[in-house]
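Only one structure is covered here, and it is reproduced in the block below.
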Amino acid sequence: MACVCGDDASRCCASCRRVFDVALILPCSHTLCARCLAEGAGSGRGGGVVMGVAPASRLICAVLCPNCRHSVELPCFDWSSALTCLPFDPTVTPDPKASEETDGSVDLSEEEMESSVTGLVFTLDSSRSDSPLRLSGSALSVSITGQVCCEDERNDPPPLPQVCGSVSVSRGQYYWEIDVCNSALYRIGVISSCDGRGWWLERRGLAYHAVFDGRRELLPFIPPHLKTVGVFLNVGGASITFHNPVTQEFLAAVPSHFSVPLRPALQLGQGRLKLRPGLPPPNHVFLSPSSTYRGPGGAGSGRWRRGLSFGSVRAVVQKFEEMSTVSDSDSGLVSSVGSLSEHNTSTE
């Protein structure tokens with residue numbers, strides 16, 4: 001099909017060759033118009049959009065990118081949120097007439113769109129911090145006076161002291177990281193400013209749990225020497241997922257029926273946590289390969305898979321430990337994925 005844009009092909013969707021109604025950024029960093037996505041959402045196949053089934057028989061929504069010709073999974077659980085789970089491409093000016101034809105719209109404000117693409121910048125809010133917690137001068141680190149017992153394995157252990165982020169979000173997708181600084185008792189996640197509910201990744205001693213809707217579900221295959229946790233909040237896709245940014249491994253997805261607005265939040269019972277905000281969502285959070293941290297449990301399998309080979313990652317872990325002991329500064333807000341890439345480059 002010939003592009004109706006003539007010489008200015010940048011204004012046209014590479015799939016339908018029509019002027020962009022709304023240009024959406026795919027996980028592969030290319031763009032697709034909302035019109036094509038809506039057509040695929042309605043049919044399950046069409047407009048360059050294909051539906052697939054994951055190895056665990058989980059229905060997924062995947063897009064065949066018209067530019068790189070790769071099938072990329074959308075960061076949503078069903079087609080109903082396909083149009084709201086992707087950010088705008090700020091470099092493309094949509095055609096007002098074309099946008100009127102689209103059934104459904106992405107109505108992020110310019111500020112929300114910018115923070116979805118470039119990274120949400122925020123600090124820890126001292127006014128929303130429980131008294132046992134101490135914030136650093138930059139409000140990017142939190143520590144606790146004393147220590148809470150971390151061996152409480154009850155289904156509903158008492159809450160930990162909590163601090164919230166300085167922002168509230170109702171739409172968009174955002175990513176940030178937390179250096180856990182050898183702490184063995186914490187929760188990382190988000191809470192609702194509306195009803196106080198939380199969605200958490202919890203560590204107590206050697207055990208990790210997903211905590212949501214009054215439930216705690218054991219996550220048996222996360223190794224205890226995890227040093228950094230990446231949080232990907234996708235409000236439109238109704239999901240919050242947790243990642244190991246050092247190895248780019250998926251850790252857990254917490255079932256999410258959010259009551260917006262939401263605030264990033266931390267709970268701490270021992271040690272220190274360090275926030276790394278302002279990071280754009282890395283490509284690996286959109287992918288769902290089988291993680292070596294997951295697998296059939298089986299009797300006597302232990303809390304994590306001890307046979308995992310971490311190879312060169314050990315050097316990265318050592319670097320984080322050295323950084324923690326040398327300085328307590330909050331500078332260097334760079335994703336640890338970059339650190340891993342530099343390390344691998346230098347060792348090849």
Side-chain angles (χ1 to χ4, degrees), residues 13-16 22-89 104 106 108 113 116-117 119 171-177 199 201 210 219 221-222 229-245 247-258 279-295 335 337:
C13 172
S15 179
C16 66
V22 177
L24 301 175
I25 301 177
L26 298 175
C28 60
S29 298
H30 296 121
T31 53
L32 186 72
C33 73
R35 183 193 303 110
C36 286
L37 201 57
E39 290 173 357
S43 64
R45 184 178 297 272
V49 180
V50 295
M51 180 177 286
V53 178
S57 297
R58 178 177 65 85
L59 197 63
I60 63 173
C61 305
V63 174
L64 179 62
C65 175
N67 288 281
C68 64
R69 308 305 297 173
H70 288 135
S71 178
V72 290
E73 183 179 344
L74 299 181
C76 61
F77 292 141
D78 55 60
W79 285 113
S80 64
S81 55
L83 284 171
T84 57
C85 71
L86 298 172
F88 283 137
D89 184 345
V106 179
L108 296 181
M113 178 180 66
S116 284
V117 175
R171 297 174 295 186
Q173 54 185 23
Y174 309 97
Y175 176 83
W176 61 93
E177 293 177 0
W199 296 264
L201 174 74
L219 303 171
F221 299 113
I222 302 180
V229 176
V231 183
F232 181 57
L233 172 65
N234 185 351
V235 182
S239 68
I240 180 170
T241 56
F242 299 93
H243 307 262
N244 183 344
T247 61
Q248 301 187 12
E249 283 273 28
F250 167 82
L251 299 177
V254 176
S256 310
H257 297 285
F258 296 130
L279 304 176
N283 289 336
H284 69 82
V285 305
F286 297 103
L287 306 177
S288 298
S290 296
S291 171
T292 53
Y293 295 153
R294 296 181 296 169
S335 171
V337 175

Any donor-acceptor N/O pair, Thr241 side chain to Ala253 backbone, under 3.5 Å: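 No; zero donor-acceptor contacts below 3.5 Å.
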Are [X] and [Y] side-chain neighbours, meaning at least one heavy-atom pair lies under 4.5 Å?
X	Y	result
Asn283	Ser29	yes
Pro245	Pro282	no
Leu32	Cys65	no

List for me each residue that meets side chain to side chain contact (heavy atoms under 4.5 Å, CB included) alongside Ala210, sequence neighbours excluded, and say none if there are none.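 For Ala210, the residues satisfying side chain to side chain contact (heavy atoms under 4.5 Å, CB included) (neighbours in sequence not counted) are Phe212, Leu219, Val254.
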Determine the minimum heavy-atom distance between Pro281 and Tyr175, stating which atoms define it.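 Distance-wise, the nearest heavy atoms are CA-CB, 3.8 Å.
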What pair of heavy atoms forms the shortest contact from Cys13 to Cys36, and how long is it?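 Of all heavy-atom pairs spanning Cys13 and Cys36, the closest is SG-SG, 3.9 Å.
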Trace of the side chain to side chain contact (heavy atoms under 4.5 Å, CB included) decision for Arg69 with Leu64: CA-CA 6 Å; Arg69 308 305 297 173; Leu64 179 62; 3.6 Å; yes
Tell me, with the steps shown, if Phe232 and Ile240 meet side chain to side chain contact (heavy atoms under 4.5 Å, CB included). CA-CA 6 Å; Phe232 181 57; Ile240 180 170; over 6 Å; no
Distance from Arg171 atom CZ to Asn234 atom CG, nearest 0.5 Å?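 Answer rounded to 0.5 Å: 14.0 Å.
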Out of curiosity, Leu201 CG to Ile222 CD1, how far, rounded to the nearest 0.5 Å?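 Reported value, rounded in 0.5 Å steps: 5.5 Å.
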